K.L.:
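A single structure is presented below for examination.
What you are looking at is a predicted structure, and each value in this text was computed from that prediction instead of being measured.
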Amino acid sequence: MKRILILANSSGGLYDFRNAFLLRLLQHYEVAASLPDTVKTSLLENEGVKVFHTPINRRGVNPREDIKLLRDYRRLLRSWKPDLVLTYTIKPNVYGGFVCTRLGIPYIATVTGLGSAFEKQGMLLRLVEFLYRRGLKKASCVFFQNAENLALFQRERLVSGKTRLVSGSGVDLTTWQPMEYPCHDEVNFMYVGRVMREKGIRELLEAAEALHSDKVRFTLAGYCDEDWQQVLDEKEKEGVITQLGFHPDMRELYRDCSAVVMPTYHEGMSNVLMEASACARPVLASGISGCREIVDSGVTGFTFEAQSASSLTEALKRFLSLTVSERAAMGRRGRAKMEREFDRTKVAEAYLEEVQASVGDQSEPGS
């Protein structure tokens with residue numbers, strides 16, 4: 001069997017969003033994954049994925065740590081000898097791409113979003129662009145999750161070879177089933193994700209200050225990725241928000257919410273919005289690439305201006321003006337959109353086509 005090695009920065013992200021693709025690969029290839037954590041490695045190993053532990057500092061640039069990552073990847077690729085490498089997120093894309101190029105191993109990269117890297121200016125931004133340009137130079141194919149990211153990479157000549165655009169990671173329509181809409185008058189606006197500046201937490205708290213009441217709740221599901229805990233605790237004591245923390249099964253929380261709110265500054269393609277929509281919940285999100293593809297404003301939810309608390313507040317007010325039946329209908333239309341445009345099996349098929357082309361295998365995995 002030919003060998004496929006995956007370089008990623010999160011076992012949870014690999015298992016939660018790409019497992020359908022992994023299961024297809026395992027039917028026909030020997031599959032291994034290089035991961036920095038153990039959150040869901042046991043689940044991956046039970047399915048047949050060989051797991052290698054490789055530490056990664058996901059945030060910031062530390063030359064010593066990044067050089068070590070480069071060496072760790074080189075050591076792993078030389079010892080395991082994969083026929084193809086798949087990389088996800090910036091550091092695996094860049095440093096995995098460097099090593100694959102030097103060793104002559106074909107690789108497929110995925111740009112899952114720009115993150116905070118492209119908010120930098122001057123020398124730091126030029127360094128990020130240089131790393132991307134070198135890391136992606138010899139890729140067999142580079143996948144992008146939204147058209148705006150693809151256009152930027154082409155405009156800045158960060159990618160020069162074959163590219164493909166997919167609907168993010170897609171959504172598992174079997175796992176995320178439509179749910180009956182809450183029939184009570186209380187509205188629960190739920191934020192799902194890491195609590196950090198670039199996810200729009202400041203704007204969300206300002207909107208919650210203005211609109212919370214006995215009939216309007218703001219709940220936050222996720223963990224702090226930055227120093228926000230003291231602020232959150234204060235707002236919770238004041239009755240502005242309710243902290244739900246990290247939750248292993250979001251379906252329970254989606255069932256109780258009236259709408260999911262995502263005031264992010266940038267996104268590859270929001271998995272949270274896809275999952276909430278698949279559960280037939282309206283979604284309110286920043287009108288940016290990576291969100292606006294998912295939300296048909298006024299139909300399946302509302303969009304608002306990113307980094308604007310006033311625009312977010314107005315969108316929330318528009319939602320509050322709807323009747324319960326109108327909100328429920330909005331959620332049902334969101335589910336229908338996911339079925340039409342964001343089925344995860346279609347994303348897996350696109351990747352399988354490129355895998356087969358890269359390893360010279362024209363047979364269908366599992367045949």
Side-chain angles (χ1 to χ4, degrees), residues 1-35 40 43-44 47-51 77 82-90 92-94 96-97 100 105-113 135-136 138-147 149-150 153 159 161-176 267-271 274-275 278 290 293-294 338 340-367:
M1 296 175 74
K2 291 186 177 180
R3 289 181 160 187
I4 309 293
L5 175 63
I6 297 169
L7 308 180
N9 72 353
S10 164
S11 64
L14 183 62
Y15 183 83
D16 292 342
F17 306 130
R18 300 178 179 93
N19 200 45
F21 174 48
L22 285 178
L23 291 174
R24 294 291 298 277
L25 286 178
L26 285 163
Q27 294 174 16
H28 201 63
Y29 305 107
E30 186 177 354
V31 180
S34 170
L35 300 163
K40 295 198 174 180
L43 295 171
L44 293 165
E47 292 179 343
V49 177
K50 184 176 180 61
V51 175
L77 268 65
D83 297 287
L84 175 68
V85 174
L86 303 174
T87 66
Y88 294 92
T89 70
I90 180 170
N93 284 344
V94 167
C100 287
I105 299 172
Y107 63 104
I108 295 171
T110 298
V111 176
T112 56
L136 300 179
K138 297 294 184 178
S140 302
C141 181
V142 181
F143 280 87
F144 288 85
Q145 298 193 338
N146 68 62
N149 288 177
L150 172 57
F153 271 62
V159 62
K162 183 178 183 180
T163 61
R164 288 189 69 162
L165 185 64
V166 289
S167 301
S169 302
V171 62
D172 185 338
L173 296 171
T174 301
T175 299
W176 305 99
E267 204 74 25
M269 189 66 70
S270 174
N271 290 299
M274 286 188 280
E275 291 170 357
E293 294 90 343
I294 301 170
M338 295 303 101
R340 291 193 309 271
E341 302 175 25
F342 291 90
D343 187 341
R344 182 166 290 173
T345 59
K346 297 178 181 178
V347 176
E349 288 294 336
Y351 274 91
L352 285 166
E353 289 176 7
E354 296 306 323
V355 167
Q356 292 164 11
S358 295
V359 299
D361 181 7
Q362 299 304 313
S363 64
E364 167 66 20
S367 62

K.L.:
To the closest 0.5 Å, what do you measure between CG (Leu352) and OH (Tyr29)?
P.N.:
7.5 Å
K.L.:
Specify the closest pair of heavy atoms between Ala33 and Leu5, including all atoms of both residues, with the distance to one decimal.
P.N.:
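That would be N-CD1, 4.1 Å.
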K.L.:
What heavy-atom pair brings Arg340 and Lys346 nearest, and what distance separates the two atoms?
P.N.:
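Residues Arg340 and Lys346, closest heavy atoms: O-NZ, 3.5 Å.
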K.L.:
Can you tell me how far the CD1 atom of Ile294 sits from the CE atom of Met274, to the nearest 0.5 Å?
P.N.:
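So the CD1 of Ile294 and the CE of Met274 are separated by 5.0 Å.
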K.L.:
Tell me, with the steps shown, if Met269 and Ser169 meet side chain to side chain contact (heavy atoms under 4.5 Å, CB included).
P.N.:
CA-CA 8 Å; Met269 189 66 70; Ser169 302; over 6 Å; no
K.L.:
Do Pro82 and Leu77 make a side-chain contact, defined as non-hydrogen atoms from C-beta onward lying under 4.5 Å apart?
P.N.:
yes
K.L.:
Are Tyr15 and Glu47 close enough that some pair of their side-chain heavy atoms sits under 4.5 Å apart?
P.N.:
yes
K.L.:
Under a 3.5 Å distance rule, please check whether Tyr107 uses its side chain to pair with a backbone N or O of Lys138 as donor and acceptor.
P.N.:
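Indeed, once roles are kept as given, a pair shorter than 3.5 Å links the two residues.
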K.L.:
Within this structure, what is the CG-CG distance for the pair Leu22 and Leu43, rounded to the nearest 0.5 Å?
P.N.:
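CG of Leu43 is found 11.5 Å from CG of Leu22.
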K.L.:
Give a yes or no answer on whether the side chain of Asn93 reaches the backbone of Thr110 with a donor-acceptor pair at less than 3.5 Å.
P.N.:
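Indeed, once roles are kept as given, a pair shorter than 3.5 Å links the two residues.
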K.L.:
So among Leu35, Val51, Val49, which one has a side-chain contact (heavy atoms from CB on, under 4.5 Å) with Ser11?
P.N.:
Leu35
K.L.:
Going from SG on Cys141 to OH on Tyr351, what distance comes out if it is rounded to the nearest 0.5 angstrom?
P.N.:
8.5 Å
K.L.:
Using every non-hydrogen atom in the two residues, find where Leu136 and Ala109 come nearest and quote the distance to one decimal.
P.N.:
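For Leu136 versus Ala109, the nearest heavy atoms are CD2-CB, 3.6 Å.
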K.L.:
Look at atom NZ of Lys40 and say whether more than 12 heavy atoms of other residues, nucleotides or ligands are closer to it than 6.0 Å.
P.N.:
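Counting other residues, nucleotides and ligands, NZ of Lys40 exceeds 12 neighbours.
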K.L.:
Please say which of Leu86, Leu25, Leu23 ends up in a side-chain contact (heavy atoms from CB on, under 4.5 Å) with Val31.
P.N.:
Leu25
K.L.:
For Glu275 and Phe342: C-alpha separation, side-chain torsions, deciding distance, then whether side chain to side chain contact (heavy atoms under 4.5 Å, CB included) applies.
P.N.:
CA-CA 10 Å; Glu275 291 170 357; Phe342 291 90; over 6 Å; no
K.L.:
To the nearest 0.5 Å, how far apart are CG in Leu14 and CG in Leu7?
P.N.:
10.5 Å
K.L.:
Compare all side-chain heavy atoms of Tyr88 with those of Arg18 and state whether any distance is below 4.5 angstrom.
P.N.:
yes
K.L.:
Working to the nearest 0.5 Å, report the span between CZ of Arg24 and CD of Glu349.
P.N.:
4.5 Å
K.L.:
With side chain to side chain contact (heavy atoms under 4.5 Å, CB included) as the criterion, how do Met338 and Leu173 come out once you've worked through the C-alpha distance, each side chain's angles and the decisive distance to 0.1 Å?
P.N.:
CA-CA 8 Å; Met338 295 303 101; Leu173 296 171; 4.0 Å; yes
K.L.:
Is there a side-chain contact between Arg344 and Phe21 in this structure, where contact means two heavy atoms from C-beta onward sitting under 4.5 Å apart?
P.N.:
no
K.L.:
Where is the tightest heavy-atom contact between Asp83 and Val359, given as atom of each residue plus distance?
P.N.:
O-CG1, 4.3 Å
K.L.:
Set out, in order, the CA-CA distance, both residues' side-chain angles and the distance that settles side chain to side chain contact (heavy atoms under 4.5 Å, CB included) for Lys162 and Glu354, then state yes or no.
P.N.:
CA-CA 10 Å; Lys162 183 178 183 180; Glu354 296 306 323; 2.8 Å; yes
K.L.:
Could you pull out the closest heavy-atom pair between Ser167 and Glu341, with the gap in Å?
P.N.:
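Scanning both residues completely, I find the closest heavy atoms to be OG-O, 3.3 Å.
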K.L.:
Do any N or O atoms from the side chain of Asn146 and from the backbone of Glu267 form a donor-acceptor pair under 3.5 angstrom?
P.N.:
yes
K.L.:
If the condition is ring pair (Phe, Tyr, Trp, His ring centres under 6.0 Å), which residues does Phe153 pass it with, not counting sequence neighbours?
P.N.:
Phe118, Tyr132, Phe144
K.L.:
Which pair of heavy atoms, one from Ala147 and one from Leu165, lies closest together, and at what distance?
P.N.:
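Here Ala147 and Leu165 meet closest at N-CD1, 3.6 Å.
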